[in-house]
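The structure appears below as structure tokens.
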Amino acid sequence: MSGFLEELLGEKLVTGGGEEVDVHSLGARGISLLGLYFGCSLSAPCAQLSGSLAAFYGRLRGDAAAGPGAGAGPGPGAGAAAEPEPRRRLEIVFVSSDQDQRQWQDFVRDMPWLALPYKEKHRKLKLWNKYRISNIPSLIFLDATTGKVVCRNGLLVIRDDPEGLEFPWGPKPFREVIAGPLLRNNGQSLESSSLEGSHVGVYFSAHWCPPCRSLTRVLVESYRKIKEAGQKFEIIFVSADRSEDSFKQYFSEMPWLAVPYTDEARRSRLNRLYGIQGIPTLIVLDPQGEVITRQGRVEVLNDEDCREFPWHPKPVLELSDSNAVQLNEGPCLVLFVDSEDDGESEAAKQLIQPIAEKIIAKYKAKEEEAPLLFFVAGEDDMTDSLRDYTNLPEAAPLLTILDMSARAKYVMDVEEITPAIVEAFVNDFLAEKLKPEPI
């Protein structure tokens with residue numbers, strides 16, 4: 001266990017009081033579940049979460065008082081630790097985005113859990129990228145032995161299971177989570193068993209969200225085209241509306257099914273299952289309930305004729321207005337080409353694809369997200385804006401890795417891009433051998 005934890009967190013953590021704790025001691029304490037709490041002292045929602053999380057942490061661990069550093073490790077001279085109760089095999093580590101050390105110290109002082117040291121800025125950034133953190137506060141739970149993500153939306157765990165009765169909150173099959181009646185907008189009720197044998201889109205959306213309403217209009221047409229083509233496909237609307245009246249108004253525009261608004265527990269379980277951090281989000285499932293893509297929104301906007309349904313992920317994407325948002329999800333390899341040269345974009349995709357497939361397969365085998373997304377960018381206004389924003393030269397071909405969250409870029413400007421050059425560039429990046437330039 002300690003090998004994985006040290007690779008993830010380094011050798012030392014700190015308590016709220018500033019005392020160092022050896023990461024390998026977590027294994028000796030029998031920690032089975034690790035919570036990573038991503039936040040910042042300047043965020044009011046983070047401050048609010050810290051209070052409720054401290055109470056949750058204390059209840060779960062059975063601490064009489066969750067004071068600074070409580071339960072962080074045995075004190076000097078302590079004897080062999082007793083076998084921890086199952087509900088106590090939890091530790092939380094705060095991963096901060098603070099840029100001011102004094103503000104960070106003031107924020108962590110009252111935390112009863114552990115934190116990555118302030119100086120570990122590079123490791124913090126790697127964790128934010130590894131787990132695709134886009135909003136704060138965020139809380140994810142990992143299996144402390146394997147590193148596998150157990151739950152991506154720990155905030156809902158605190159709300160829905162304040163006593164920790166469902167610990168360790170592992171993922172359940174879609175069929176189990178969705179079980180129960182589903183509605184059509186005419187009031188008709190169907191059992192979830194009617195989804196058997198169908199591809200399913202789980203649509204997280206709300207009427208108050210303008211991008212949601214825009215996507216819904218496109219999605220209605222996509223749904224109609226897929227059905228007319230004879231495909232077995234159903235969409236389930238999981239509402240984030242703020243009232244039942246808003247839900248009913250919005251749902252009246254939709255030809256598919258919905259989880260009843262009054263079934264808040266089921267809606268929350270679906271959000272937890274897929275770690276929803278923002279809306280609109282469209283998750284596309286195969287008939288067995290396994291995720292095909294979490295990028296249904298991008299796929300629908302890029303494929304208006306639905307020719308590529310059910311949208312199995314492509315190893316290499318052609319950069320477009322609709323998928324450019326993915327540049328913010330983590331490091332991205334972007335190969336800029338001269339699109340005026342016929343076939344240049346397709347040739348570039350074919351050049352990158354074997355390397356992308358190799359990286360994706362390697363991390364999929366470990367049940368982890370690939371550490372890079374892969375794009376080919378031609379010449380258009382959006383690409384010009386990206387070059388301007390990142391201060392890239394006008395050269396083509398131009399091989400780059402862009403890390404927007406770190407405001408860093410890695411550039412290889414050579415006359416000819418070969419598979420060997422791309423693979424070496426990627427491997428050097430993953431091995432942290434490349435020197436970043438600021439964006």
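Sequence positions, counted from 1, serve as the residue numbers for this chain.
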Hey, are [X] and [Y] close enough for a salt bridge, meaning a charged N less than 4.0 Å from a carboxylate O?
X	Y	answer
Lys12	Asp22	yes
Glu234	Lys227	yes
Glu228	Lys225	no

Within 6.0 Å of [atom1] in [X], more than 12 heavy atoms from elsewhere:
X	atom1	value
Lys366	NZ	yes
Glu11	CD	no
Gln48	CD	no
Glu368	CD	yes

For the pair [X] and [Y], name the ring-plane relationship: parallel under 30°, tilted 30 to 60°, perpendicular over 60°.
X	Y	answer
Trp128	Phe38	perpendicular
Phe247	Phe237	parallel
Phe94	Tyr37	tilted
Tyr223	Phe233	tilted

If we only count heavy atoms from C-beta on, is the [X] to [Y] side-chain gap below 4.5 Å?
X	Y	value
Ser246	Trp208	no
Leu285	Val291	yes
Leu34	Leu8	yes
Pro171	Val150	yes
Ser97	Lys124	no
Leu327	Leu386	yes
Glu346	Glu318	no
Leu333	Phe429	no

Restricting to non-hydrogen atoms, name the atom on [X] and the atom on [Y] that form the minimum distance, rounded to 0.1 Å.
X	Y	result
Arg267	Tyr261	NH2-O, 2.9 Å
Ser405	Leu125	OG-CD1, 3.9 Å
Arg184	Phe251	C-CE2, 3.5 Å
Gln103	Ser41	CB-OG, 3.6 Å
Pro310	Val284	O-CG1, 3.8 Å
Glu253	Val220	O-CG2, 3.8 Å

Evaluation steps, side-chain contact (heavy atoms from CB on, under 4.5 Å), between Asp100 and Leu42: CA-CA 10 Å; Asp100 182 284; Leu42 300 178; over 6 Å; no
Has [X] got a side-chain atom pairing as donor or acceptor with [Y]'s backbone, closer than 3.5 angstrom?
X	Y	value
Tyr131	Lys126	no
Arg132	Gly330	no
Asn427	Glu423	yes
Asn328	Met404	no
Asp263	Pro260	no
Arg272	Asn153	no
Arg297	Thr281	no
Thr383	Glu379	no
Asp143	Thr145	yes
Ser268	Glu264	no

Between Gln277 and Ser134, a side-chain donor and acceptor under 3.5 Å: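 Yes.
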Ser385 versus Asp388, side-chain donor and acceptor atoms under 3.5 Å: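 Per modelled atom types, Asp388 and Ser385 side chains form no pair under 3.5 Å.
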Point-to-point distance, once rounded to the nearest 0.5 Å, from [atom1] of [X] to [atom2] of [Y]:
X	Y	atom1	atom2	result
Ser205	Leu282	OG	CG	9.5 Å
Trp256	Ile235	CH2	CD1	4.5 Å
Ile359	Ile352	CD1	CD1	12.5 Å
Leu60	Ile158	CG	CD1	10.5 Å
Leu392	Thr400	CG	OG1	6.0 Å
Ile283	Arg294	CD1	CZ	4.0 Å

side-chain contact (heavy atoms from CB on, under 4.5 Å) between Phe204 and Leu270, worked out: CA-CA 9 Å; Phe204 299 86; Leu270 286 163; 4.1 Å; yes
Residues Phe4, Glu7; criterion side-chain contact (heavy atoms from CB on, under 4.5 Å); working and verdict: CA-CA 5 Å; Phe4 155 71; Glu7 181 182 347; 5.5 Å; no
Aromatic contact, Phe425 with Tyr410 (centres under 6.0 Å):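 No: the rings miss the under 6.0 Å criterion.
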Full working for side-chain contact (heavy atoms from CB on, under 4.5 Å) between Arg175 and Glu196: CA-CA 9 Å; Arg175 286 190 184 90; Glu196 291 291 330; 3.2 Å; yes
Positive for salt bridge (charged side-chain N to carboxylate O under 4.0 Å, His left out) with Glu369, one of Arg152, Lys364, Lys130: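 Among Arg152, Lys364, Lys130, the one meeting salt bridge (charged side-chain N to carboxylate O under 4.0 Å, His left out) with Glu369 is Arg152.
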